[in-house]
Number of protein chains: 2
Amino acid sequence: MEDEVDRLVAAWRRERPDLDVQPLQVLSRVSRLARHLDRARRAAFAEHGLEPWEFDVLTALRRAGHPYQLSPGQLLTQTLVTSGTMTNRIDRLAGKGLVQRLPDPDDRRGVLVRLTASGQLKADEALAGLLAHERELLAELTGGQQAELAGLLRQLVAPFDNIPG
Amino acid sequence: MEDEVDRLVAAWRRERPDLDVQPLQVLSRVSRLARHLDRARRAAFAEHGLEPWEFDVLTALRRAGHPYQLSPGQLLTQTLVTSGTMTNRIDRLAGKGLVQRLPDPDDRRGVLVRLTASGQLKADEALAGLLAHERELLAELTGGQQAELAGLLRQLVAPFDNIPG
DNA sequence: TTTGGCTGTCTTGATGTCAAGAGGCTTTAT
DNA sequence: ATAAAGCCTCTTGACATCAAGACAGCCAAA
């Protein structure tokens, strides 16, 4: 089956036959697939009344384990946004009753963001829904192929995750 | 080598041992790798004084072949942005002298966006630079592994590219 | 104890994007 | 010929994000 990247590569070979565009075969597909995944995730979360950024914050808290609380600083290192963005997000999640802000008993500058009961429920439901949708997307591949793909991707990602990038 | 997704999966297995989080092994790596690639691309383009979105528009025109012109409508289907965004982008690229707006001789509503000589030069330089950087990232893998990875990714992307998504 | 630097959160102002709609032009059907 | 419908680009207003800085509280060194 042909995809857009095949067409992209064909166009470059026609216009710039002097260039080796082989890298695009892998990396353009990664970028394009990620865009499609973003759209699919947005649709999956909409079923639970959540935006993607809400899912990111709620699941970071959920993964932290009981009592499901993290500081804004910890949240922003996990979600890779700036502090201003995180302030805004916590405001809105608190407005929806999914998290609450508590003073940090050990640091009076600090704040703790804690998942409410309904926030935890949303996070758990949305995660299950996401996994169901993603399983469908991956049905194109056998289990062995998925494992192989995961391994190859890990090799490409690991340098970014382990060297300060 | 371990990566962030391994840690993510481990956290979910601890908190939600009832769930099968296998899909994350592939799809979270795709999303995370795409984010890292965006940053790397931004850095590569900055060497040529270009933003990523400028590269996207200029290379779409470059790939169109002589005389390197497309309508705004064609550009927005290729770059997946809305018409308001494309108007804004064309304005700024025209301000930098990289493209020019011409009236469409066949449709008086229409406009043609054409690459200038300096725009074409920028596009060609930036593409070569991007490919050089991407080749380094892919040096983690053998040629055979790259081909295999490309093939697996194609299977996942193709449904999106061929069914209206 | 006091001083200086550092940390954690929030505020501010600018920017890029989107959704929705306006306006002019073209196409189709009557 | 004319009306209705559709298309193409641009404009407008709202919004999420970021970068930079403000401010309060912490901590280490003298």
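Order of the sequence lines sets the chain letters (A, B, ...), proteins ahead of strands, with each chain counted from 1. Everything quoted here is computed from the prediction, not taken from an experiment.
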Under 3.5 Å, which donor-acceptor pairs link side chains of residues 45-53 of chain A to any protein atom two or more places apart or in another chain?
unit_1 : atom_1 : unit_2 : atom_2 : d
A:E47  : OE2    : A:H133 : NE2    : 3.4
A:E51  : OE1    : A:R42  : NH1    : 3.1

Any pair counted as salt bridge (Lys or Arg N to Asp or Glu O under 4.0 Å), so long as it reaches residues 74-83 of chain A, sequence neighbours left out:
none

Kindly state each residue pair satisfying salt bridge (Lys or Arg N to Asp or Glu O under 4.0 Å) with at least one member in residues 70-95 of chain A, sequence neighbours excluded.
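Non-adjacent pairs meeting salt bridge (Lys or Arg N to Asp or Glu O under 4.0 Å): A:D91-A:R101.
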
Nucleotide interval of DNA chain D bounded by contacts with chain A (heavy-atom cut-off, under 4.0 Å)
D:dA16 to D:dC26

So, using salt bridge (Lys or Arg N to Asp or Glu O under 4.0 Å) as the criterion, who are the partners of B:E148 when residues are at least two apart?
none

Once salt bridge (Lys or Arg N to Asp or Glu O under 4.0 Å) is applied, do any residues pair with A:D107, and if so which ones, sequence neighbours excluded?
A:R109

Quick one, which residues of residues 54-79 of chain A touch DNA chain C with a heavy atom under 4.0 Å?
A:S71, A:P72, A:G73

B:Q120: which residues meet the side chain to side chain contact (heavy atoms under 4.5 Å, CB included) condition with it, sequence neighbours left out?
B:R62, B:Y68, B:L115, B:D124

Mind checking what makes side chain to side chain contact (heavy atoms under 4.5 Å, CB included) contact with A:D6, not counting sequence neighbours?
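Expected list: A:E2, A:D3, A:Q25, A:R29, B:R154.
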
Quick test: give all pairs of protein nitrogen or oxygen and nucleotides 20-26 of chain C nitrogen or oxygen below 3.5 Å, distance rounded to 0.1 Å.
unit_1 : atom_1 : unit_2 : atom_2 : d
C:dT26 : OP1    : B:R108 : N      : 3.3

Answer with yes or no whether the side chains of B:Q78 and B:R63 bring together a donor and an acceptor at under 3.5 Å.
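Side chains of B:R63 and B:Q78: pair found under 3.5 Å.
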
So which pairs with a foot in residues 86-123 of chain A pass ring-ring contact (aromatic ring centres under 6.0 Å, His included), sequence neighbours left out?
none

Can you list everything that forms a side chain to side chain donor-acceptor pair (under 3.5 Å) with A:Q146? Sequence neighbours excluded, please.
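Scan of A:Q146 (side chain to side chain donor-acceptor pair (under 3.5 Å), adjacent residues dropped) gives none.
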
